[in-house]
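Note that this is a predicted model, so its numbers are computed, not measured. Below, chains carry the letters A, B, ... as their sequence lines are ordered, and counting in each starts from 1.
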Amino acid sequence: MTHANDPSAGAPMRADHPLSMDELAAVIAADIPSGAFVNLGIGQPTRIADHLSASSGVVLHTENGMLNMGPRAEGDAVDPDLTNAGKVPVTELPGAAYFHQADSFAMMRGGHLDVCVLGAYQVGFQGDLANWHTGAPDAVPAVGGAMDLAIGAKEVHVMMPLFTRSDQPKLVPLCTYPLTGVGCVSRVYTDHGVFEVGARGVRIRETYGVGARELARRLGITDPDTPPTG
Amino acid sequence: MTHANDPSAGAPMRADHPLSMDELAAVIAADIPSGAFVNLGIGQPTRIADHLSASSGVVLHTENGMLNMGPRAEGDAVDPDLTNAGKVPVTELPGAAYFHQADSFAMMRGGHLDVCVLGAYQVGFQGDLANWHTGAPDAVPAVGGAMDLAIGAKEVHVMMPLFTRSDQPKLVPLCTYPLTGVGCVSRVYTDHGVFEVGARGVRIRETYGVGARELARRLGITDPDTPPTG
Amino acid sequence: MSRAEVVESADAAVAGVEDGATVLVGGFGLAGMPFDLIEALIRQGAKDLTIVSNNAGNGEVGLAALLAAGRVRKVVCSFPRQADSWVFDRLYRSGEIELELVPQGNLAERMRAAGAGIGAFYCPTAIGTPLAEGREEREIDGRRYLLEYPIRGDYALIGAYRADTLGNLTYRRTARNFGPVMATAAATTVVQVDQIVEAGQLDPEAVVTPSIYVDRIVQVQTRRHTVQGAR
Amino acid sequence: MSRAEVVESADAAVAGVEDGATVLVGGFGLAGMPFDLIEALIRQGAKDLTIVSNNAGNGEVGLAALLAAGRVRKVVCSFPRQADSWVFDRLYRSGEIELELVPQGNLAERMRAAGAGIGAFYCPTAIGTPLAEGREEREIDGRRYLLEYPIRGDYALIGAYRADTLGNLTYRRTARNFGPVMATAAATTVVQVDQIVEAGQLDPEAVVTPSIYVDRIVQVQTRRHTVQGAR
């Protein structure tokens, strides 16, 4: 099995405005290599499925035990025995397979998924991921399969708004929220731009409606690789 | 799941002659509790299957990946894709299930089999088992699933002639052959008698064509539990 | 002996569950949840239970009803917080219930280990996170792992689709989830199914849980529920 | 990317196997052995191979033919000694081939661990025996265990019954044996099947190896052999 993702694969999108989450989902979908095995996290990342064409041959995995998951089920197609990881009724595509939880997580943890796309509270410049717990003392913690995906998928990508409602960056030098995984994220898709992160630090791949220099300044990115235009 | 075997279950067989391996197989078959899940080792123990009635509800496991294995296949029923652990073509009974090797050995090692019956080179008074390697320097060693059964089945029983061709006992104070498992055997069925072995030492349950005192003397058994008659 | 027993009612199926028992409960959200067995367990009355399940109940049904009845001392699960997990949330916030949070893959693999005779295993999940606390760490081939121990149940209550009279099981779609793993990890495995057929009626190639793992089977009119966008 | 490729010949299926590679070879005796892939591997010419398989060849066919061709440096297996394993026996006794003997359950579980991301695991098999030598021991809950590490393959060559065009597999009876485990443990998994069908033609509940584990598929006229009473 070869490495699923080529950083140069996504044709940079030139946008003069911050992207909606739906536009962002289309950007991510276009980046996913044909034939890849992909897990889409609950929440925003599930939108990506709507932008994957059947001809892409992308196969969706859902951690509750299925490969070749189809779109959300509507009306009579709803079967309570067939849901995605978010417990939303979905459908089955030709060539689907069902398996139990130990087999499903063996698949995830054994490095067989090419890409997973997760939501996040924060991502660190080195690729640390925080997406399971705000750390608030009265919060009920819940982790699900997030930590398994973080260490298991060949490529862990994040889809999130770049700033909180109170305008704090969610791409940060060091996460302050409890971690889901260490150094596991390689790419972050946001409404304001796409970032490569990891051991060598953060690099801005493209921006939407903001200049790269301006974005780098707001986030405190000093990497010289950051392209001068946005 | 409850303990499969009751030491008092086998109605003692009164025989005035050493048993043939086939007669011994019948003794063992009669001891196997109704409905038990059983693995029969390659070689002599496979004969036991011929003495299990369908009404016993005993379910045979074969470590190459099947439950509810049927008798040896003959003629047109031979299917090269359906063999026992000895690679002999067998048949399938109603209610059979197939599974792969990791699942099959999970079943064995997880303590789910009620009884396995294995052949042996030697058994120690404390229940040590030696059945995989003579220790001869020019021998090609082979272990298969023997060590997994030794640690995995709830009850490990041995079926063997009590003496070698050169008249050496095979039930011995301490095994001299390389071990398959430590203290794992609880009962030894032989042509001359049946023995309970284990941490408390060896006890003669019944004898065939020889007195218990005489047998105890030949084997060097000093346990006072040994019954006085044979 | 170990042969599975077909019983006449969900009440008969859950007979004997002791106070303080550890009970593995199948289901991912509501898919695969053994509603009838849980309701029978509520009637049966065992208390001070430790429940191992992926979630901690949805709405007022199934596991949530057992929690609401005050029978559960501790929940071991991966994802208690859901849009409709108000029963658990209230008990947790008021300190009336203990929570052990386990990543979903560890939950599954630790039960598999229990069923497979594995004493412990090294897994990279949760390295460097708060859930690594108190766990032994080891580096193998340059990668960091945590040592994880088996999770065993006194009972497993699971839902399946079809059983044959010997106890072989098949499941439906993603309702399969934890059933096959829990069936291997419990001393006594109790299954509710839609349909019981004669031995020989299930395709031996398609049996998911072999009969050796099943102790009691009851046929019920399984109700199925959906949770829309809950997790 | 990872999507399985249907190739036209066994020769195309084994293209690229490097000298010195570790190759997992399916089959228990002759049941499930991928004869056509092995013959293609002999033609392909890779040498100095490490072969991981349950046995070490029967008669003159399959694995025995690969050994006879002098391509194998080392065999990792559980049961080399069989009535008709004369090829291996000769090479072993003359010191021309190395043997690593692994209990059958460890062979399977160590490959499963490789496929499942488990760094190592504790198992009671072989405790107190010569095969425990050099292994780390640990007591857990009063029982003794040995630490076992994953076995990974560069390639897996396996036989299955049906594949769909995506690479989902089903097997036949006990020919299933090591196939599903090996498929998860190799960087490149190559499968010979009796029949390739369109996606959607296999029952999703009865798929044994999901497509994600399969890289190359070739349809062949599988020959089946029996070994009478060999082991």
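- Only the backbone of A/A139 comes within less than 4.5 Å of a heavy atom of chain C; no side-chain atom from C-beta onward does.
- Among C/R112, C/R110, C/R172, C/M111, the residue with the largest count of heavy-atom pairs under 4.5 Å with chain A is C/R172.
- Taking 4.5 Å as the heavy-atom cut-off, none of the residues of residues 159-175 of chain A approach chain C.
- In this structure, the portions of A/Y98 lying under 4.5 Å from any heavy atom of chain C include both its backbone and its side chain.
- Per-residue heavy-atom pair counts under 4.5 Å with chain A were compared for C/A56, C/A175, C/G105, and the maximum is reached by C/G105.
- If you take CZ on C/R173 and CG on A/D81, they are separated by 8.5 Å, rounding to the nearest 0.5 Å.
- No hydrogens or angles considered: a donor-acceptor pair under 3.5 Å links the side chains of C/N106 and A/R109.
- A donor-acceptor pair is defined here as one N or O able to donate and one able to accept, closer than 3.5 Å; such a pair exists between the side chain of C/R93 and the backbone of A/D138.
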Does A/W132 form a side chain to side chain contact (heavy atoms under 4.5 Å, CB included) with C/L131? I'd like the steps, not just the answer.
CA-CA 11 Å; A/W132 72 284; C/L131 296 187; 3.9 Å; yes
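- Within residues 132-147 of chain C, the residues having any heavy atom closer than 4.5 Å to a heavy atom of chain A are C/R143, listed by residue number.
- Across A/V90, A/L179, A/T180, the residue that shares the most heavy-atom pairs under 4.5 angstrom with chain C is A/L179.
- Tested against A/V143 for a side-chain contact (heavy atoms from CB on, under 4.5 Å), the candidates C/V102, C/T129, C/L101 yield a single pass: C/L101.
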Give the intermediate values and the outcome of side chain to side chain contact (heavy atoms under 4.5 Å, CB included) for residues A/K87 and C/Q82.
CA-CA 10 Å; A/K87 302 175 183 95; C/Q82 303 167 98; 3.1 Å; yes
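- The part of C/Y92 that comes within reach of chain A is its side chain, from C-beta onward, which places non-hydrogen atoms under 4.5 angstrom from that chain.
- Side-chain atoms of C/R81 come within 3.5 Å of backbone N or O of A/V140 as a donor-acceptor pair.
- At a heavy-atom separation below 4.5 angstrom, chain A is approached by C/F121, C/C123, C/P124, C/T125, C/A126, C/I127, C/G128 within residues 118-128 of chain C.
- Residues A/F105 and C/Q104 meet the side-chain proximity criterion, which asks for heavy atoms closer than 4.5 Å.
- Proximity to chain C (any heavy atom under 4.5 Å) is restricted, for A/N84, to the backbone atoms N, CA, C and O.
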Assess whether side chain to side chain contact (heavy atoms under 4.5 Å, CB included) is satisfied between C/F28 and A/T62, documenting all intermediate values.
CA-CA 12 Å; C/F28 179 86; A/T62 181; over 6 Å; no
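- With a 4.5 angstrom heavy-atom cutoff, C/Y171 does not touch chain A via any of its atoms.
- When atom types are taken as modelled, the side chain of C/T174 and the backbone of A/G65 share no donor-acceptor pair closer than 3.5 angstrom.
- In plain terms, the two heavy atoms of C/P80 and A/P141 that are nearest each other are CG-O, 3.1 Å.
- Neither the backbone nor the side chain of C/L107 comes within less than 4.5 Å of any heavy atom in chain A.
- Against chain A, no residue from residues 62-71 of chain C qualifies, as none has a non-hydrogen atom under 4.5 angstrom away.
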